Amino acid sequence: MDLILWRHAEAEEATDGMEDLARALTPKGEKQAARMGAWLDRQLPQGVRVLCSPARRTVQTAAALNRKVKLRAELAPEGTPEDLLAVVGWPERPHPVLVVGHQPTLGAVIARLLGVPSEDFSVRKGAVWWLRTREREGRAQTIVVTVQTPELL
């Protein structure tokens, strides 16, 4: 299974009384999302399923991909790594899944799948981590296919 994790692009800071889910992308974030969306569109395999947090900033980030997106409440900022892995069906699902989500959940998922401590594992805004599961000598392994940031595109 391929699991592609895309952190939302740069978003505006919350102001007094603003609901976290209502935060929008900044102009810089819009450019980050457009660059990464164009790159992903060229790289993603056929049949990829795109799942997204219902937060405005993730919806705007995913919109740059110009593909059908399914919103999942489990991927909201308060979601857990367990929620994310259950929603995507890791590692059993046969088809690739792209998740547009939030830190610290994305970092915690990556750390768990790679078997490293998650306390300080962070994913840059707008970045993509592409992971793949495979079986080797009777053991499941997670490999990193690529890591990409919008600044390097």
Side-chain angles (χ1 to χ4, degrees), residues 1-15 18-91 93-114 116 118 120-134 142-153:
M1 171 185 188
D2 281 12
L3 176 59
I4 305 117
L5 302 172
W6 186 8
R7 183 176 178 193
H8 66 77
E10 183 181 272
E12 62 189 10
E13 294 295 323
T15 57
M18 177 186 274
E19 188 176 323
D20 182 51
L21 294 179
R23 293 174 43 216
L25 294 182
T26 64
K28 178 181 177 183
E30 291 172 357
K31 291 176 187 171
Q32 289 173 331
R35 281 196 301 270
M36 190 59 73
W39 180 81
L40 277 168
D41 191 50
R42 292 188 306 272
Q43 308 304 321
L44 290 173
Q46 289 293 327
V48 69
R49 186 171 180 211
V50 183
L51 304 176
C52 182
S53 158
R56 182 176 179 194
R57 60 193 178 274
T58 53
V59 171
Q60 289 177 305
T61 298
L65 192 54
N66 293 317
R67 294 192 184 209
K68 183 179 172 186
V69 175
K70 181 167 181 153
L71 301 182
R72 295 296 301 252
E74 301 94 326
L75 302 175
E78 65 276 358
T80 66
E82 295 80 15
D83 292 337
L84 188 150
L85 292 170
V87 165
V88 301
W90 178 271
R93 185 178 298 276
H95 302 291
V97 178
L98 167 65
V99 172
V100 185
H102 306 274
Q103 186 61 22
T105 305
L106 296 181
V109 166
I110 295 164
R112 176 181 292 179
L113 297 180
L114 297 179
V116 298
S118 66
D120 298 317
F121 203 96
S122 186
V123 176
R124 290 181 61 93
K125 291 178 182 158
V128 166
W129 280 70
W130 194 316
L131 306 172
R132 180 172 293 151
T133 187
R134 69 179 181 189
T142 301
I143 59 171
V144 177
V145 175
T146 191
V147 177
Q148 188 60 265
T149 63
E151 293 81 16
L152 295 179
L153 295 175

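Small disclaimer: the values here were computed from a predicted structure and weren't measured. Just so you know, residue 1 is the first one in the sequence shown, and it goes up from there.
Residue pairs meeting the side-chain hydrogen bond (donor to acceptor under 3.5 Å, both in side chains) criterion with at least one partner in residues 33-49, sequence neighbours excluded, are D41-R67.
M18 and E13 get closest at one heavy-atom pair: SD-O, 4.2 Å. Taking each heavy atom of M36 and Q148 in turn, the nearest pair found is CE-O, 3.4 Å.
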- From CA spacing to verdict: side chain to side chain contact (heavy atoms under 4.5 Å, CB included), L44, L65: CA-CA 10 Å; L44 290 173; L65 192 54; 3.9 Å; yes

- Message: Please determine whether side chain to side chain contact (heavy atoms under 4.5 Å, CB included) holds for the pair V99 and V109, giving the CA-CA distance in whole Å, both sets of side-chain angles, and the decisive distance to 0.1 Å.
- Response: CA-CA 11 Å; V99 172; V109 166; over 6 Å; no

Steps toward side chain to side chain contact (heavy atoms under 4.5 Å, CB included) verdict (Q32, K28): CA-CA 6 Å; Q32 289 173 331; K28 178 181 177 183; 3.7 Å; yes

Full working for side chain to side chain contact (heavy atoms under 4.5 Å, CB included) between H102 and S53: CA-CA 8 Å; H102 306 274; S53 158; 2.8 Å; yes

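Checked against side chain to side chain contact (heavy atoms under 4.5 Å, CB included), Q60 has the following partners two or more places apart in sequence or in another chain: A24, L25, R56. Qualifying side chain to side chain contact (heavy atoms under 4.5 Å, CB included) partners for A111, counting only residues two or more places apart in sequence or in other chains: V116, S118, F121. The salt bridge (charged side-chain N to carboxylate O under 4.0 Å, His left out) test applied to E151 returns R124, not counting sequence neighbours. Taking W130 as the reference, D2 meet the side-chain hydrogen bond (donor to acceptor under 3.5 Å, both in side chains) condition, with sequence neighbours excluded.
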Identify every side-chain donor-acceptor pair in residues 71-82 under 3.5 Å, counting partners at least two apart or on other chains, and give the distances.
unit_1	atom_1	unit_2	atom_2	d
R72	NE	E74	OE1	3.2
R72	NH2	E74	OE2	2.8
T80	OG1	E82	N	3.4
T80	OG1	E82	OE1	3.3
T80	OG1	D83	N	3.0
T80	OG1	D83	OD1	3.4
T80	OG1	D83	OD2	3.2
E82	OE2	R112	NH1	3.4
E82	OE2	R112	NH2	2.6

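A donor-acceptor pair is defined here as one N or O able to donate and one able to accept, closer than 3.5 Å; such a pair exists between the side chain of T61 and the backbone of A9. Looking at E30, its side chain never comes within 3.5 Å of a backbone N or O of A34 through a donor-acceptor pair.
The shortest side-chain heavy-atom distance between V145 and L131 does not fall under the 4.5 Å cut-off. Residues K68 and V50 fail the side-chain proximity criterion, which asks for heavy atoms closer than 4.5 Å. R134 has its side chain within reach of I143: a pair of non-hydrogen atoms, C-beta onward, lies under 4.5 Å apart. Residues V59 and V100 have side chains not in contact (no heavy-atom distance under 4.5 Å, counting atoms from C-beta outward). In this structure the side chain of V69 never reaches within 4.5 angstrom of the side chain of L51, judged on heavy atoms. Residues W129 and L106 have side chains not in contact (no heavy-atom distance under 4.5 Å, counting atoms from C-beta outward). Put simply, the side chain of L113 reaches to within 4.5 Å of the side chain of L85, judged on heavy atoms. Counting heavy atoms from C-beta on, the side chains of V147 and V123 never come closer than 4.5 Å.
Donor-acceptor pairing under 3.5 Å is lacking for the side chains of E12 and T26.
For the atom pair NE2 (H8) and CZ (R57), the distance works out to 4.5 Å, reported to the nearest 0.5 Å.
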